[in-house]
Amino acid sequence: MKTVLCVVGARPNYMKIGPVIAALTASGIKAPLVHTGQHYDAAMNDSFFTDLGLPRPDVNLEVGSGTHAVQTAMIMQRFEPVLDEIKPDAVLVVGDVNSTIACALVAAKKGIKVVHVEAGLRSYDRAMPEEVNRVLTDQISDFLFTTERSALANLEREGIDPARVHFVGNVMIDTLKAHVGRSVPAAVTLKDAAFADGYTLVTLHRPSNVDVPEVLARLVGCLAEIAAATPIVFPIHPRTRARIEAAGLMAKLTGPRVVLLEPQGYLNMLGLMSAAKVVVTDSGGLQEETTALGVPCLTVRENTERPITVTDGTNTLVGIDSAAIMSAFKDVLATGGKAGRAPELWDGRAAVRIAQVLSAAL
Ligand code: UD1
């Protein structure tokens with residue numbers, strides 16, 4: 001029996017791994033799970049395992065937070081003996097977080113095949129830590145599974161043999177389709193905050209937005225202005241909360257028209273997204289999930305590594321300029337926003353295609 005060791009580390013990995021483990025297991029491949037411990041707060045971690053019905057990790061490396069170098073190095077150091085013990089035929093990593101590159105690198109150096117799920121996405125912005133992780137992970141991967149056709153051209157430009165690349169669709173949408181029927185209604189999450197006219201759902205956590213004080217102040221200013229038009233629901237990532245508090249900006253986000261929440265579980269977040277008038281975000285995952293749900297999304301970034309959400313989906317890149325953000329927001333309120341359609345192969349069967357390729361090849 002072949003073994004594909006699956007790795008997760010941070011929140012955006014959790015909604016990608018469930019269908020992959022299920023499909024591998026169904027095709028007769030053993031799929032043990034390693035958690036690096038990059039995310040560890042209950043709100044960033046535990047609730048996702050429960051909501052998504054993920055298996056308990058077989059190993060937890062418990063690395064926790066640190067600088068990028070410390071975090072990456074610690075994952076590598078602790079992952080190597082796990083490979084010596086489990087001796088998998090391949091290591092499967094998802095997405096673009098520090099855990100992704102760290103475990104891929106250890107496996108590649110030990111001559112173990114590397115499988116990258118969500119390969120080939122590029123923002124072409126090397127200041128983004130995830131972009132460095134994406135480029136490097138793809139270079140050392142043996143199987144590259146892509147979510148949209150544009151990824152192949154990105155990979156070919158970097159000299160990657162197209163024979164290693166397989167366009168399979170989006171495993172995060174497999175998860176969404178499997179769970180959307182169980183999502184927690186927004187009214188339950190929002191309790192007594194009754195927003196009859198709808199609300200804007202906000203998430204922000206990219207270092208380029210929240211770690212630069214001027215940018216953060218500008219974005220919080222926009223949120224205050226948005227709240228004057230429609231109430232805001234804002235589940236806050238721990239780093240964002242810390243930065244907003246440190247900058248003394250919390251006062252701008254208080255009042256009856258702003259609901260600040262702890263980071264939400266997956267099923268609550270699905271409910272909040274589905275009922276939102278518009279989503280304002282810098283998250284990669286939310287750009288894709290709003291496209292799948294048909295909810296307009298304004299992405300507060302200068303670029304996106306997920307262009308299909310803009311060309312086919314409901315996403316609009318609005319940048320980080322206040323006037324541009326506010327004009328795009330008003331446009332959504334006036335027109336209802338982009339309609340969009342489901343991207344090719346975002347049909348809930350991506351993981352099955354991955355398992356077919358791997359069971360034939362390993
Ligand atoms: C990471 C990913 C990012 C992803 C995001 C989703 C990288 C490079 N970045 O960013 O792609 O979109 O996760 O959340 O891997 N913290 C806690 N509790 C936790 C985890 C983090 O309080 O459970 C705080 C710590 O202060 C930590 C900070 O958040 O220093 C940042 O965490 P880290 O894992 O380094 O990166 P994220 O910003 O979460």
Side-chain angles (χ1 to χ4, degrees), residues 7-17 35-52 57 60-76 78-79 93-105 116-119 121-123 125-137 147 172 175 202-212 215-216 234-247 261-266 268-269 279 281-290 297 299-301 303-306 309:
V7 174
V8 293
R11 187 172 60 177
N13 295 159
Y14 308 144
M15 32 293 223
K16 294 169 191 164
I17 206 70
H35 193 320
T36 65
Q38 177 175 344
H39 283 175
Y40 45 84
D41 277 2
M44 301 289 286
N45 182 65
D46 307 15
S47 70
F48 290 86
F49 277 77
T50 314
D51 283 0
L52 297 169
N60 194 322
L61 306 179
E62 295 181 348
V63 299
S65 299
T67 64
H68 286 266
V70 166
Q71 194 174 56
T72 309
M74 208 187 285
I75 296 169
M76 290 180 68
R78 294 185 184 181
F79 187 56
V93 294
V94 296
D96 55 17
V97 302
N98 288 340
S99 303
T100 308
I101 176 61
C103 294
L105 188 50
H116 187 202
V117 173
E118 199 188 90
L121 297 179
R122 295 292 180 270
S123 65
D125 175 6
R126 292 276 171 107
M128 207 181 167
E130 294 82 1
E131 182 76 354
V132 177
N133 295 343
R134 290 180 198 118
V135 170
L136 297 180
T137 304
T147 55
M172 201 175 68
T175 295
V202 177
T203 80
L204 292 173
H205 74 278
R206 295 253 92 80
S208 55
N209 282 339
V210 306
D211 289 0
V212 184
V215 178
L216 181 64
F234 187 3
I236 306 195
H237 185 287
R239 75 180 298 135
T240 307
R241 182 181 284 278
R243 298 295 187 273
I244 290 178
E245 280 169 358
L261 301 171
E262 289 301 303
Q264 290 296 297
Y266 183 71
N268 297 75
M269 204 60 194
V279 174
T281 191
D282 59 10
S283 150
L286 265 70
Q287 293 175 54
E288 295 188 339
E289 288 164 340
T290 47
C297 178
T299 295
V300 188
R301 284 175 48 189
N303 49 55
T304 178
E305 61 285 341
R306 300 162 208 272
T309 61

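One-based numbering, in listed order, for ligands and for the atoms of each. These numbers were taken from a predicted model, which means no experiment stands behind them.
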How far apart are the closest heavy atoms of [X] and [Y], and which atoms are they?
{"X": "F48", "Y": "A43", "result": "CE1-O, 3.5 Å"}
{"X": "T240", "Y": "L204", "result": "OG1-O, 2.5 Å"}
{"X": "D96", "Y": "N133", "result": "O-ND2, 2.9 Å"}

Pairing residues for H35 by the ring-ring contact (aromatic ring centres under 6.0 Å, His included) criterion, not counting sequence neighbours: Y14, F49
Tabulating one pair per line, provide the atom names and distances (0.1 Å) for every N/O atom of ligand 1 that is less than 3.5 Å from a protein N/O atom.
residue  : atom   : partner : partner atom : Å
ligand 1 : 9 (N)  : E130    : OE2          : 3.3
ligand 1 : 11 (O) : E130    : OE2          : 2.6
ligand 1 : 11 (O) : R206    : NH2          : 3.4
ligand 1 : 12 (O) : H205    : NE2          : 2.8
ligand 1 : 12 (O) : R206    : NH2          : 3.3
ligand 1 : 13 (O) : H39     : NE2          : 3.3
ligand 1 : 14 (O) : H237    : NE2          : 3.2
ligand 1 : 15 (O) : Q38     : NE2          : 2.8
ligand 1 : 15 (O) : N98     : N            : 2.9
ligand 1 : 18 (N) : D41     : OD1          : 3.4
ligand 1 : 18 (N) : D41     : OD2          : 3.0
ligand 1 : 22 (O) : D41     : OD2          : 3.4
ligand 1 : 23 (O) : Y40     : N            : 2.8
ligand 1 : 23 (O) : D41     : N            : 2.8
ligand 1 : 34 (O) : Q38     : NE2          : 3.2
ligand 1 : 34 (O) : H39     : NE2          : 3.2
ligand 1 : 38 (O) : R239    : NH1          : 2.8
ligand 1 : 39 (O) : H39     : NE2          : 2.7
ligand 1 : 39 (O) : H237    : NE2          : 2.9

Under 3.5 Å donor-acceptor, Q264 side chain and E262 backbone: yes
E130 and R206 ion-paired at < 4.0 Å: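 A salt bridge links E130 with R206.
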